[in-house]
S.K.: 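This is the structure I have questions about; it appears just below.
In listed order, ligands and their atoms are each counted from 1. All heavy atoms count here, side chains included; hydrogens, waters and symmetry mates do not.
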Amino acid sequence: MLRVENLQKNFNVKILGDKHIPGCHDISFQLKAGQFVSLSGPSGAGKSTILKCIYRTYLPGSGHIWYDSANYGVVDLATVSERILLDIRNREMAYVSQFLNVIPRVSALDLVMEPILTRNGVSYQEARERACHLLQRLQIPEELFEAYPATFSGGEQQRVNIARAVSWKPRLLLLDEPTASLDVKSIDRVLELLTELRQQGTTMVGIFHDPEIMKKTASHIYPLQ
Ligand SMILES: Nc1ncnc2c1ncn2[C@@H]1O[C@H](COP(=O)(O)OP(=O)(O)OP(=O)(O)O)[C@@H](O)[C@H]1O
Ligand SMILES: [Mg+2]
């Protein structure tokens, strides 16, 4: 489903006089459909950089990211056209960053409903029910459903973020420390959701600081130096 081959990314930082900062170096790993690879390694090793290269928030410097797309067959996410990349993001691939990119004046419920409505082609009523169910499972208090997440706590924002990414059952899910600001009970709820999603066929690449969580969720671990 996904094969990362000799991926490398360096940053040239202009304000440091074009200083050359290594992001990630010679990264190779692969996943079959339904597998869950967790990237592990010390802070600064390049874990987030790898995820951002797969989602192409960062343009890879060299190497390949072969992805077997449902709609386009095998494509190299490192070089595929913007048009195809955006379509793959829309229909197949979701990315959970550590913090919610808060969209002003959109309620938590609407944030979670929106991808279900646009991607799964279900009725408004069904999308609403699915979104409510997810938010309940992630223990977002019901009085917050219609509120704007800009004012939510870090942990609440993170759970809305996860709900939005998993609500439409993407084919490939990228998770950058999705449980970093959560308490033990919320973490368990998130892990349950991720396990269910995997059983339904979603392939995942994730980063978890806590080795216990990593062992519980991942089918494979890719260590970085
Ligand atoms: N946009 C950027 N511009 C310049 N340097 C960057 C940029 N993004 C990442 N880096 C550098 O790349 C290296 C890897 O960063 P990255 O965020 O991938 O690490 P990480 O393994 O995710 O660390 P952490 O566990 O702390 O999140 C770091 O030295 C970082 O400073
Ligand atoms: Mg990181």
S.K.: Side chain of Arg189, backbone of Arg137: donor and acceptor closer than 3.5 Å?
M.R.: yes
S.K.: Under 4.5 Å between any side-chain heavy atoms of Met93 and Tyr67, yes or no?
M.R.: no
S.K.: Quick check: closest heavy atoms across Ser97 and Asn161, and the distance to 0.1 Å?
M.R.: O-ND2, 3.0 Å
S.K.: Name the one of Leu175, Val190, Leu173 that satisfies side-chain contact (heavy atoms from CB on, under 4.5 Å) with Val166?
M.R.: Leu173
S.K.: What residue and heavy atom of the protein are closest to atom 3 (N) of ligand 1, and at what distance?
M.R.: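 The closest one turns out to be Phe11 CD2, 3.6 Å.
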S.K.: Any sub-3.5 Å donor-acceptor pair from Gln35's side-chain atoms to Met1's backbone N or O?
M.R.: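 A pair under 3.5 Å: no.
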S.K.: Is a donor on one side and an acceptor on the other found under 3.5 Å between the side chain of Lys47 and the backbone of Pro42?
M.R.: yes
S.K.: Output the list of atoms in ligand 1 that are nearer than 4.0 Å to some heavy atom of His209, sorted by atom number.
M.R.: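 Once the distances to His209 are compared, the set is 25 (O).
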S.K.: Ignoring hydrogens, what is the shortest heavy-atom contact between Lys9 and Pro60? Give both atom names and the distance.
M.R.: CD-CA, 4.3 Å
S.K.: List the atom of Leu109, the atom of Cys132, and the distance in Å for their closest heavy-atom pair.
M.R.: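 Reported closest heavy-atom pair: CD1-SG, 3.7 Å.
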S.K.: Using 30° and 60° as the class boundaries, would you call the ring planes of Phe11 and Tyr58 parallel, tilted or perpendicular?
M.R.: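 Phe11 and Tyr58: perpendicular rings.
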S.K.: Tell me: protein heavy atom nearest atom 27 (O) of ligand 1, and distance?
M.R.: Glu177 OE2, 3.7 Å
S.K.: Mind checking whether Val13 has an N or O less than 3.5 Å away from an N or O of ligand 1?
M.R.: no
S.K.: Applying a strict under-4.5 Å side-chain criterion to I, L, V, M, F, W and Y, I'd like to know whether Leu172 and Tyr95 cluster together.
M.R.: yes
S.K.: What protein N/O/S atoms lie closer than 2.8 Å to the Mg ion (ligand 2)?
M.R.: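 Within the sphere that stays under 2.8 Å of the Mg ion (ligand 2), the protein atoms of type N, O or S are Ser48 OG.
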S.K.: Any heavy atom of Lys9 sitting closer than 4.0 Å to ligand 1?
M.R.: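 Under 4.0 Å: no for Lys9.
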S.K.: Is there a nitrogen or oxygen of Gly23 sitting under 3.5 Å from a nitrogen or oxygen of ligand 1?
M.R.: no
S.K.: Using a 4.0 Å cutoff against the non-hydrogen atoms of Thr49, which atoms of ligand 1 qualify?
M.R.: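 Atoms satisfying the 4.0 Å criterion: 9 (C), 14 (C), 15 (O), 16 (P), 18 (O).
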S.K.: Is the contact between Cys24 and ligand 1 made by the side chain, the backbone, both, or neither, using heavy atoms and a 4.0 Å cut-off?
M.R.: neither
S.K.: Identify the protein heavy atom lying closest to atom 26 (O) of ligand 1, giving its residue, its atom name and the separation to 0.1 Å.
M.R.: Ser43 OG, 2.5 Å
S.K.: Quick check on contacts: which atoms of ligand 1 are under 4.0 angstrom from a heavy atom of Pro22?
M.R.: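 Those atoms are 12 (O), 13 (C).
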S.K.: What protein heavy atom is closest to atom 25 (O) of ligand 1, reported as residue, atom name and distance in Å?
M.R.: Lys47 NZ, 2.8 Å
S.K.: Taking all heavy atoms of Ile162 and all of Pro178, pick out the closest pair and write down the distance.
M.R.: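 Looks like CD1-O, 3.4 Å.
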S.K.: Counting C-beta onward and ignoring hydrogens, is there a side-chain heavy-atom pair between Ile27 and Tyr222 closer than 4.5 Å?
M.R.: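 They are in side-chain contact.
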S.K.: Between the side chain of Arg198 and the main-chain N/O of Gly34, is any donor-acceptor distance below 3.5 Å?
M.R.: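 Checked: pair present.
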S.K.: Are any of the side-chain heavy atoms of Phe29 and Leu39 separated by less than 4.5 Å?
M.R.: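 Of all side-chain heavy-atom pairs linking Leu39 with Phe29, at least one is under 4.5 Å.
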S.K.: I need the nearest protein heavy-atom contact for atom 1 (N) of ligand 1: residue, atom name and distance, please.
M.R.: Tyr58 OH, 3.1 Å
S.K.: Return yes or no for this condition: an N or O of Gly46 is under 3.5 Å from an N or O of ligand 1.
M.R.: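 Yes, since at least one N or O of Gly46 sits under 3.5 Å from an N or O of ligand 1.
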S.K.: In this structure, would Val112 and Val96 fall into the same cluster of hydrophobic residues linked by side-chain contacts under 4.5 Å?
M.R.: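 As far as the 4.5 Å side-chain criterion goes, Val96 and Val112 are connected within one cluster.
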S.K.: For ligand 1, is there an atom lying under 4.0 Å from some heavy atom of Gly41?
M.R.: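 In this structure, Gly41 fails to qualify as a contact of ligand 1 - no heavy atom is under 4.0 Å.
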S.K.: May I ask you to identify the nearest protein heavy atom to atom 17 (O) of ligand 1, giving residue, atom name and distance to one decimal place in Å?
M.R.: Ser48 CB, 3.6 Å
S.K.: In terms of residue, atom name and distance, what is the protein heavy atom nearest to atom 14 (C) of ligand 1?
M.R.: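 I find the closest protein heavy atom is Gly44 O, 3.4 Å.
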S.K.: Below 4.0 Å, non-hydrogen atoms only: which portion of Lys52 touches ligand 1? Side chain, backbone, both or neither.
M.R.: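 The answer is neither; Lys52 stays 4.0 Å or more away.
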S.K.: Protein heavy atom under 4.0 angstrom of atom 30 (C) of ligand 1, is there one?
M.R.: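 Protein heavy atom within 4.0 Å of atom 30 (C) of ligand 1: absent.
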